[in-house]
Amino acid sequence: MNTEILGIIVMFTLSILLAIPLGKYIAKVYGGEKTLLDPIFNPIERIFYKISGINPHTEMNWKQQMVVMISINMVWFLLGMVVLMNQGNLPLNPDKNPSMSADLAFNTVISFVVNCNLQHYSGESGLSYLGQYWLMFLQFVSAGTGMAAAVVLFRAFRDKTADTLGNFYSNFVKSCTRILLPISFVVAIILAFEGTPMTFEGKDTITTLQGDSVEVSRGPAAAFVPIKHVGTNGGGFFGVNSAHPFENPSYLSNMVEMVAQLIVPLAMIFAFGYFIRRRKLSWMIFGVMTVGFLMLTIPNINMEMNGNPAIAAMGIDNSLGAMEGKEIRLGAPASGFWSIVTTVISTGSVNSMHDSSMALSGMNELLAMMINAFYGGVGVGLLNFFIFIILAVFISGLMVGRTPEFLGKKVEAREMKIAMIIALLHPFLILVGTALAAALPQYTADSLNNPGFHGLSEMLYEYTSSSANNGSGFEGLGDNTPWWNISTGFVLILSRFLPIIGPVAIAGLLAQKKFVPEGDGTLKTDTATFGLMVFAVIAIVAALAFFPVLALGPIAEYFSLY
Amino acid sequence: MNNNTSLFQKDMVQEALKQSFVKLNPKTMFRNPVMFTVWIGTLVMLAVSLWTLAGAQGQGSFGYNFTVFIILLLTLLFANFAEAIAEARGKAQADSLRKTREETPARLKNGKTISSAQLQKGDIFICEAGDIIPTDGEIIEGLATIDESAITGESAPVIREAGGDKSSVTGGTKVLSDKIVVQVTTQPGESFLDKMIALVEGAARQKTPNEIALTILLAGFTLVFIIVCVTLKPFADYANVGITIASFISLFVCLIPTTIGGLLSAIGIAGMDRALRANVITKSGKAVETAGDIDVLLLDKTGTITIGNRKATHFHAANGIDEKRLIKAAVLSSMADETPEGKSIIELAGVNPLSYEARNPQFIKFTAETRSSGVDYEGTRIRKGATDAIKSMVTRAGNTFPKEVEEKVKAISSNGGTPLVVSENEVALGVIELQDIIKPGIQERFERLRKMGIKTVMVTGDNPLTAKFIAEKAGVDDFIAEAKPEDKMNYIKKEQSEGRLVAMMGDGTNDAPALAQADVGVAMNSGTQAAKEAGNMVDLDNDPTKLIEVVEIGKQLLMTRGTLTTFSIANDVAKYFAIIPALFITAIPALQGLNIMNLHSPESAILSAVIFNAIIIPMLIPLALKGVAYKPIGASALLRRNLFIYGLGGVLIPFAGIKLIDMLISVFF
């Protein structure tokens, strides 16, 4: 077998095999059971809780938890603005990089707070090491926020009827210290051995074979890069992200980073099953997500390997695949695989330039983000998927002649209203954002790298990536302009917090309802049949809303090419 | 009553056609958000047609625009027609019931005769043989045989009498014998039937919670497509593609779920109508839907599971007692016993009681304290009754209660029979065995309920042993033995506290609290007024197994909504493949690759899609009215089945339909 394909299978299988025990461990962490790292972190946490006057054992209802979430995120946002707009004069700035402009700082901080990491700057010239460190901190806490929100969902379905669903502070801190930190630590050590720099010194100079002198940026990258993947953030240390030889030095580092971004979203699915003691439900969710993932991945790998007919027509050898915008040390298949992993999960780190992907590969990357629930970001992927479950439960409940119910809770008008608003929000932000950009060429036309269909794809990709909190880009787009910084900034805020609050609210409302025991007439939600229904709902909702714009973008491009 | 009316009767269709236009009133349309957007689209197309007629360029020909306008108008009319025909059918059904209670003279107690319409609640009237009972009421004096065939279609007359649980009479039924004094129980216009008529006529029809949730879903899908169509304009401009207003409107109307939107209220009305056709009057639409969710069903044993009453099947004499002596004692003690059990003893004995010599008999009536009855004559005291009652009487007199009798009693009980011990002068003579006859076919009905996921519970006054036997034989899941009225109530409350929905049928006044407590309470029409007030449905046929039908009607109602929603949304895939290439093909010829149906021209493609979208509504009206068939095959299997038929069918059928229409109209466009 082609070793490149084998490499992909190894990466994917390894991630799944690691995710199952990790899921069990995560369920233990949130279940309040004793874990290995307690002796180290418990005393430290106790001091911090004491100083801040927080009792981590106070039970909160879903509303209180959401208030906590919004307020701590607000604090990080404000501090981040201060750091980035003044980093030029603050310590840890050996390269003397300047402070950020207000609109760029706004976009940057927002995008790191919301786990998107859109990065309209390049790390080498745009950030001091202090700025990098603040962003690294945000990559931890934004991932922790998503996970702690998912725990509200976990709790809502564990007990028969409940008003309070755990303590947000406690689950948030545990997410960071018991899950994200240890995994990142292991990944960092491997990366450091593979050659990722870990230093506070500034730029180095090398003399190339041609005799030119070149300045090379370095920094504490080995510490920064792991959480970028483990927390499904995707905010790179260097501008070109994981295509950079320091950020992703070898095929092995590529594998490690791939596994690192897959395991926590996968483990959260299994953790859900362990936590609510319905492991079969986890397998249903995993099954639907995996089928969707493979349906996007396999064509992408195939298309990237087959190369570009336009290049072949010019008489250039295309046998390595469509290599435009790809790193030779990683190759076309691994890049194609990564392009879907990073878009189905909201990582958004890239190891190739998506702008150069084949037309329909680009469409698949877009679809992955438009659906945003095949694995999805840490914690939030499950929350997004939950919305589709609610819609599927409602329609299929009717189809079997029963008031719809999920895990013993009746789904009624109020839950449907919230689910529908959240399901509408994503297409609304993407389509309206792109439509405005297309309708106002005076702001956007100059930033497009390509005219025509591909230009539309570039704009569509930028808003899709923002709304999916993904952070990757069709990097042909020159996106550091006030228009892109501000418009995507607002998309980011709306598309982060509403899709968290919505599902959490539904879970909270359902938790309060009376538990209906399962009978023979109850529609089981942990079956392949129901999985098929969820898949159909996802396919229809995404395909129906985005088909026209995709037809004018990547599909038109595809038909023009072949 | 005519239950076999065809779906579309001529007069109903005429009325419905008229209503289809009346319902174009924006106030009426506004109640249905999906169809209201179509209504706006239709107006826009009218304006565009006139505009092209006035010479506007770039919007296509007048003929094309006007055709789109006509098709959209038809879409609206079809949807209105669906609702109107459902209403007309419900109304016709209600009218045939109402006819039975047209103006009839009512003879008041004070001798005056007034029209039935003038009767007020509390009025008292008198009916004699041959009279039509003017309105619903409760017998306060007398007993009569009544022909209820006008309501139930059942020709056998029934007995209704004052006091007890069979004291209700219904307006429109006919007194066959005797004379009764009746008190009016409802205000004119407020009877259950009046309420039901209002429900099917739409005036009082409130959306059920489930319907509201579905409307939210449909409104959500409509909003998505508003966003899709509005944002398409700048995208098309960016790509230098000109799109006509007709194309935009057509795309929008095809994408929003008009099929289910147009049929939604018809489905709801038809559900109520089906209940009415099953001779069940419901007080709200919600009750029917709740019936579909029932988890537990409480049924009285007598009359539901077993035929009427127990029958004597055997005499078992004690050792050393001649069987003839036992039979004689049994017959004598049952002479004055008017209960069906008593009569069946004499029947079994096959002896004329008068052939025995028993002078000056003193009959002892059954009481709850003695739990026995009998006869005294010339120093002979014969008693028959419950085992422990006779046993204590025998032992108190110093006699021994024979062991073999005791054993027989146990054997009979565990076989589902009821033992009655007979004693003469405090000496036990033997046992009469009474047996319940289980209704034929009842096992199959319970099996069906079990497959639906409903637990059946038998309520009986029998002892636990007998109850268990019958429960097993009939195939019910659980039973309440030696049930007192509060036991029913407690059972319901217990199941409800565990989150289950409970349905029960009842007729007596002492059933009223439990009927009110149950999520679905079906009162028999023959039952007391209190029971009828407490429940949320009234069964005109007094058929205790009617609940099974009600449950199925409830399930059908939800299923019809669910499957048509799925069908409607699945249709969009094909419509996209018809319209999207049609919109862009002229400007971007490369997109010809998307025209997988190979439709003739952009105009014909768009028209085919809207025509398909319009005609699918009337084609589905029969399904909406009859409801999707419910099959008790388990939820997952049912979902698979419906997903296959309506989901996959919903994806594939429009491909064929649109292509076919395109082939037909390609001659013109």
Side-chain angles (χ1 to χ4, degrees), chain A residues 391 394-404 408 411-413 415-417 420-421 423-424 427-428 431-432 434-436 438-439 441 452-453 455-456 514-517 519-524 527 529-530 532-533 536 540-541 543-549 551-553 555-556 558-560, chain B residues 209-210 212-214 216-217 220 223-224 227-228 230-239 241 255 289 292-293 295 450-455 498-500 554-556 558-559 561-563 565-566 569-570 572-573 576 580 584 588 590-591 593-594 630 634-636 638-640 642-643 646-647:
Chain A
L391 295 181
F394 185 78
I395 299 176
S396 47
L398 289 184
M399 280 216 279
V400 300
R402 231 178 124 86
T403 302
V411 176
E412 288 162 303
E415 291 80 40
M416 278 310 290
K417 211 178 275 176
M420 220 48 228
I421 290 172
L424 271 173
F428 174 81
L431 291 175
V432 172
T434 314
L436 285 176
F453 310 132
L456 184 63
K514 199 184 254 178
F515 179 81
V516 184
D520 289 342
T522 316
L523 180 71
K524 309 257 183 317
T527 59
T529 309
F530 184 73
L532 181 69
M533 186 72 201
I540 291 232
V541 168
L544 291 187
F546 297 111
F547 188 56
V549 68
L552 281 177
I555 296 177
Y558 168 83
F559 280 118
S560 320
Chain B
N210 194 280
I212 294 172
L214 183 57
I216 291 170
L217 181 84
L223 266 174
V224 171
I227 298 168
V228 169
V230 170
T231 55
L232 190 56
K233 171 77 178 147
F235 298 149
D237 288 349
Y238 171 91
V241 179
L255 291 183
E289 280 178 17
D293 284 349
D295 302 296
R450 192 166 306 113
K451 282 189 184 145
M452 287 171 158
I454 296 170
K455 176 180 158 191
E498 287 165 14
R500 295 190 183 85
K555 284 196 180 288
Q556 274 192 323
L558 296 186
M559 277 172 55
R561 284 195 195 126
T563 49
T565 304
T566 308
I569 295 169
D572 281 5
V573 177
Y576 256 137
I580 293 291
F584 304 139
I588 312 169
L591 280 176
L594 275 183
Y630 175 77
S636 282
L638 197 59
L639 179 62
R640 262 197 302 278
N642 286 335
L643 208 52
Y646 299 95

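Order of the sequence lines sets the chain letters (A, B, ...), proteins ahead of strands, with each chain counted from 1. Atom set for the values below is all heavy atoms of this structure, side chains included, hydrogens, waters and symmetry mates excluded. Bear in mind that the values here come from a model prediction, so they are computed numbers and not experimental data.
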Contact between [X] and [Y] at the side-chain level, heavy atoms closer than 4.5 Å - yes or no?
X: A:Phe547; Y: B:Leu594; value: yes
X: B:Asp293; Y: B:Leu558; value: yes
X: A:Arg402; Y: B:Asp295; value: yes
X: B:Leu643; Y: A:Met533; value: yes
X: B:Tyr238; Y: A:Pro441; value: no
X: B:Arg500; Y: B:Lys455; value: no
X: B:Phe235; Y: A:Leu431; value: yes
X: A:Glu415; Y: A:Phe394; value: no

Among [options], single out the residue with the greatest number of heavy-atom pairs under 4.5 Å to chain A.
options: B:Thr566, B:Ile212, B:Val230; value: B:Thr566
options: B:Phe584, B:Tyr646, B:Tyr630; value: B:Phe584
options: B:Leu591, B:Asn642, B:Leu223, B:Leu255; value: B:Leu591

Which answer fits [X], side chain, backbone, both or neither, if we ask what part of it has an atom under 4.5 Å from a heavy atom of chain B?
X: A:Lys417; value: both
X: A:Thr527; value: side chain
X: A:Leu391; value: side chain
X: A:Met420; value: side chain

Apply the test side chain to side chain contact (heavy atoms under 4.5 Å, CB included) to residues A:Val549 and B:Thr231: give CA-CA distance (whole Å), side-chain angles for both, the deciding distance (0.1 Å), then the verdict.
-> CA-CA 9 Å; A:Val549 68; B:Thr231 55; over 6 Å; no

Of the listed residues ([options]), which shares the most heavy-atom pairs with chain B below a 4.5 Å separation?
options: A:Gly452, A:Gly455, A:Pro517, A:Ala545; answer: A:Pro517
options: A:Leu544, A:Thr522, A:Leu456, A:Val516; answer: A:Leu544
options: A:Ile395, A:Leu436, A:Val541, A:Leu523; answer: A:Leu523
options: A:Ala556, A:Pro427, A:Ala423; answer: A:Ala556
options: A:Leu424, A:Leu552, A:Leu532; answer: A:Leu552

Portion of [X] that has a non-hydrogen atom of chain A nearer than 4.5 angstrom:
X: B:Leu214; result: both
X: B:Ile580; result: side chain
X: B:Ile588; result: side chain

Got a second to check how far B:Asp237's CG is from B:Leu232's CG, nearest 0.5 Å?
-> 9.5 Å

